[in-house]
Structures are given as structure tokens and as C-alpha cells.
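This report refers to the structure that appears directly beneath it.
A note on names: the letters A, B, ... follow the listed sequences, proteins ahead of strands, and every chain is numbered from 1.
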Amino acid sequence: MGKVAIIGVGQSRFVRSYPGAIRELVFDGFKEAVTDAGMTSKDIGASVVCSAPEYDKQRSPAGVFAEYLGLNPQPTFYAESLCSSSSMGLRLAYSLVKSGLHDVIAVIGFQKMSEISSSESQERMGRGADIQWESPFGTMMPAYYAMHAQAHMNRYGTTLDDLALIRVKAATYGQINDRAVYRKPVTADMFTDPDSIMSNPVSSPLRVGDCCANADGSSCIIVASEEKARAFSKKPVWILGLGAASASVNLAGRDHFTGLKAAKQAADQAYQMAGVAPADIDVAEVHDCFTIAEMMAYENLGFAEPGQGLELIRNKETYKEGRIPVNVDGGLLSKGHPIGATGGSQIRTIVLQLRDEAGDIQVKDPRIGLIHNIGGVGLYGNVTILGRE
Amino acid sequence: MGKKKDIDDRFKKFGTVSFTSTTKVNDFIDHMKNDRVMGSNCKSCGQKYFPPRADCHACFSSDMEWFEITGTGKLLTYSKLAFAPVGFQEDVPYSIAVLDYGEFKVFGRIAADMADEEVEIGMAMKTIVNRLPNDQLNFVFQKG
């Protein structure tokens, strides 16, 4: 069996409230990706639709999209692993191509979170945790990540200022990303200024500035066999490594709170499959749904030893010019987090980097890139390693 | 009209808002009414579980017995919420936390009457049954 490539990427603008229907939202990302691949809908053998379906009013959106995108009569089906749904979709697409069952797959990620109110959305996100034994206590995503921040700070001496620096970096690049929701500058001072919204408490020790925002958006990745990739693409990007793991949903089943075990396990698998080490990664996208999540990602991915992640951000080593550039598209913190679309947006950024087409955020001559995409509070971990020719 | 079936929905008493009404470990609620927080122990292989379970994933036995959470656990981490999801707004602010009892861990809330400055990672805490204003039951952690 030959290699498997990504030959097209697309994403919609991520916005707080998309003024259209979900089929129109996915059209934006799909059109860009299929055009990027030099294809039409007729060239797509099957589509994998990735989202957290509890936000939708439409039952089984995949069928609706297939019609709207001109994908009938090709098969279409759902992939769901909360916020890492589209990385899981990529994993499925890889296996469908590798098996020879299909030679071109569209991985379509989307979420229109504005279909429901913000508090309802928080409640649904909380239900991504253990609804029998945790949700009755009144849990929310920020609180779970805050528990990890509390443990990380206690164990390693990480400070609130370190976490603020991660948001400052995100905003540095978010300002120049025209697809991002949040494009204003953020300074470290804002986190201690009571007049700034950034300093408002959400769940101790996390503040508003430590949290990404809900968003509406879509993404699309075109995955192809080596033969199709050679026929259609001048710059195929190859899937070198895929890692995926799961962990106990109830935090009572976790053995520590200073990192995410599923992320570490997924990273180990991806590095092994790709035959590369953390030091070989030239550019990375990590799942910074909260500032602490990026800090833990540095350590779970081996960019820093456990407890040393804070040195990376203090020394600006994860900036564009640094040793290991991370989230130079602004990350979830700037782009917003339309759950099912997020992984595809991260993959898009790395593909554009490896094709040397990332514009203002282009890292110098990257050969190998990594995507770290997490579902729930480390319930699902997905790590993908991509390489150019 | 058919005869109305009796549904054992005791678990809807658990927490400020319960999202589960039927479970094979419904007796957990009866134990809470008697001020006991219980885990389950597999009679076949001895594996201890908290939260309690009806089935053992280690040996696939469903022959479980209850054991009471007694003594103290060590506070592993916590967070105090300034916002709450739908249905929990009346409870704000409150803190959620995890205690480590060695053989198992417990996820719950820190007792509302504990001052923030008293809470410290590593401290010994005990798990006790708590009666909520809306007549629901949960359990909270108090200084051990």
C-alpha cells in the first residue's frame, strides 16, 4: 500500500454567530478545500462529517451536507470524539484510503454553537464529562481544566503570569489571522487589571483571558491515496504518524492532574509511527482551549520535560522565530473553538506551513509538523504528524 | 390503559441536578440517606471501585458488595467556579475537587462552609453526605 496524503485544506471564517444554515457553513470550508485540491465534488469518494451532534437541531447532518455539497450518491457518515472529532475523522479517512476502499475522502468538520445559548452550551459541554457521577455537582469545561492548572501550579511552580503569556502569544498571531474570532491585542497587564475583562474569574485559577470562546465554523481536509495525490497535487503533504488514545471520563479515574495521559499516549504512538522524535518537529498546532492546556501540551508532546513547559513560554521558544513554533495561527484562544471544525483548522494551518503558503505566519522552511487535538478534558487524545515531500 | 410500571428512579435524587434516574447502583441513594457514601467491591476479584459500579471490568463479574468511604483522603486538586451551568446558578460559588484514598479517588464538592484560605492541595479531607436546599443529596469534602 502506498502513502496517504492531504491534498486540499479549507476552513470558513470562525465567527461568534454564523448568519446562515449549517449546510451553508460547511459549504465555505468544503469549497476552499476541494478547490485547493484541484477537484470537484465528483472526485470525492466518500465524506466523513465530524462534530459534536448535541449542538444541532438537524438530526444526522451528514446526509443534508452530502446533498448540498453535491456529494450524492457517495457514502457519508459521522465521526465524533468531542473537540477532537475532525482529527478522528482524519484517522478514519487514512484507514479508508489505506485499505483501498476509497481513494479520496473529504473530512468535513463543523459546529454551529450559536444555535443554543451560551449557558446551555456550557451545560452540554459539561455533559461531555461523566453525567452520572460528575455533572450533578455542577461541572463545566473551564473548571476541569482549572483543576489541572491548580495542580500544575502547585507541583511545578507555574504562575498565573506564565499562563497569561500563552494568551499574549496567541493574540500576537490572532491579530493577523482574518479567520479568527478574537483579533484584538492582549497584554499581560490586562490579566491583573480589574477593569479588563481578561482578569475576570471563571473558575479558579483561570480567568476569562485563559479561556477560548465558543464559535461557529467549518473546516475541510481532502485525504487522498498516493496515486491520486500525484495526479492532482504539486505539493502533497504526507500523513506520517497518527496517534489516538482514551482515558477515564471521571477525573476520579485519573492518576495525575498535571498533564493529559491520552495526549502523551497519542503522541508516543504518532512519533513511533512516523519514526521521528519531538526535536524533529518544526511547527506545531496544539489544543489550547485553555492556556493551561497549551502548557500541558508542551510537556505531553515532549517539547519540554514535565514541569519545564513554563521555560518555553518565558523564553518565547514557541513564538514563530523560536525553537518550536506553536499555534502561530492564534490557536483556539484567538480563532475560537467550533468543536467539530477545530481539528481540521489545526491540520489546515500545518499543511499550509509545510507547503510554504502560510503567509505572514510562515515558519522558516518546516519539513515536519504536528497537530495535537484533544476531546473533552483529555478524554480523547489525537496527535497527527505530517511531512512534506 | 395498561398498568403503570414502577420505575426505580431513586438516582434522580443525586446532586443539585441529576442527569441519570435509573442505574443498577440505585442503592447508593439509600445509603446516602443513612449518611453513608459507598463504593463497590468486586466479590470475585476484590477490585474496589469509586464511583460504585454494577459490573467489574477486571473479571466481568457482576457480584458486587458495598463498602463505606471512611477516614480521610488527600486533596489532589480543586477549582472554585464563578459561573455555573444551567440549573446550578443558585449554588455559585462552589468548589469541585478530587480526593485520593489510595485504592480509589473521589470526585465531589468541597463543603460550602470551608474558607478558601483553609483549602490546600495535599490536605487530609473526609467525604460526608450533604443535604441540598432543593431536597437533593450530594457529598462534600470537609477538613479531616
Side-chain angles (χ1 to χ4, degrees), chain A residues 54 116-157 199-208 210-211 248-259 290 292 377, chain B residues 11-23 25 28 39 49-53 57 73 75-101 104-110 116 119-122 130 132 136-141:
Chain A
E54 66 273 17
I116 55 178
S117 74
S118 179
S119 56
E120 282 178 310
S121 160
Q122 281 296 352
E123 189 260 347
R124 277 167 176 71
M125 283 217 202
R127 284 199 273 136
D130 179 347
I131 65 149
Q132 185 173 358
W133 296 103
E134 290 182 320
S135 302
F137 288 102
T139 59
M140 302 191 296
M141 270 309 147
Y144 286 110
Y145 269 98
M147 291 169 89
H148 287 78
Q150 198 80 262
H152 202 277
M153 291 166 71
N154 182 263
R155 172 95 189 264
Y156 298 125
S199 70
N200 289 359
V202 173
S203 192
S204 70
L206 299 183
R207 305 144 295 186
V208 168
D210 292 299
C211 309
S248 159
V249 58
N250 194 308
L251 290 200
R254 307 283 178 92
D255 53 15
H256 68 277
F257 300 97
T258 51
F290 300 94
I292 182 61
V377 192
Chain B
F11 207 78
K12 70 182 184 188
K13 289 292 284 184
F14 185 60
T16 308
V17 179
S18 178
F19 299 91
T20 307
S21 58
T22 61
T23 168
V25 294
F28 181 78
Y49 291 105
F50 194 87
R53 316 168 37 117
H57 65 56
L75 179 64
L76 289 181
T77 192
Y78 65 97
S79 176
K80 186 175 183 176
L81 288 82
F83 294 96
V86 174
F88 295 85
Q89 293 96 330
E90 302 277 304
D91 295 1
V92 173
Y94 54 90
S95 296
I96 56 173
V98 180
L99 290 194
D100 186 4
Y101 277 85
F104 56 88
K105 298 182 184 75
V106 179
F107 180 97
R109 270 196 202 175
I110 291 176
D116 289 354
V119 179
E120 201 178 336
I121 287 179
N130 177 50
L132 290 154
Q136 293 282 100
L137 293 165
N138 70 2
F139 51 81
V140 295
F141 306 140

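Heavy-atom distances place the side chain of A:F257, and not its backbone, under 4.5 Å from chain B. Neither the backbone nor the side chain of A:R155 comes within contact range of chain B; no heavy atoms are under 4.5 Å apart. For B:V98, the parts lying under 4.5 angstrom from a heavy atom of chain A are both the backbone and the side chain. Neither the backbone nor the side chain of B:F104 has a heavy atom closer than 4.5 Å to any heavy atom of chain A. Using a 4.5 Å cut-off between heavy atoms, B:Y94 touches chain A through its side chain atoms alone.
In this structure, OG1 on A:T139 lies 5.5 Å from CZ on B:F107, to the nearest 0.5 angstrom. Taking CD1 of B:I96 as the reference point, atom CG of A:L251 lies at 7.5 Å (rounded to 0.5 Å). From A:Q132, atom CD reaches atom CZ of B:R53 across 10.5 Å, with rounding to the nearest 0.5 Å. Note that CG of A:N250 is 8.5 Å distant from CZ of B:F50, once rounded to the nearest 0.5 Å. Between atom CG of residue A:N154 and atom CD of residue B:E120 there is a gap of 8.0 Å, rounded to the nearest 0.5 Å.
Under the 3.5 Å distance criterion, the side-chain polar atoms of B:T77 are matched with a main-chain donor or acceptor of A:M147.
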### Query
Step by step, would you call A:W133 with B:V25 a side-chain contact (heavy atoms from CB on, under 4.5 Å)?
CA-CA 12 Å; A:W133 296 103; B:V25 294; 3.8 Å; yes
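Summarising the geometry of B:P85 relative to A:M140, their closest heavy-atom pair is CD-CG, 3.5 Å, with the distance given to 0.1 Å. When all heavy atoms of B:S79 and A:S204 are compared, the closest pair comes out as OG-O, 2.6 Å.
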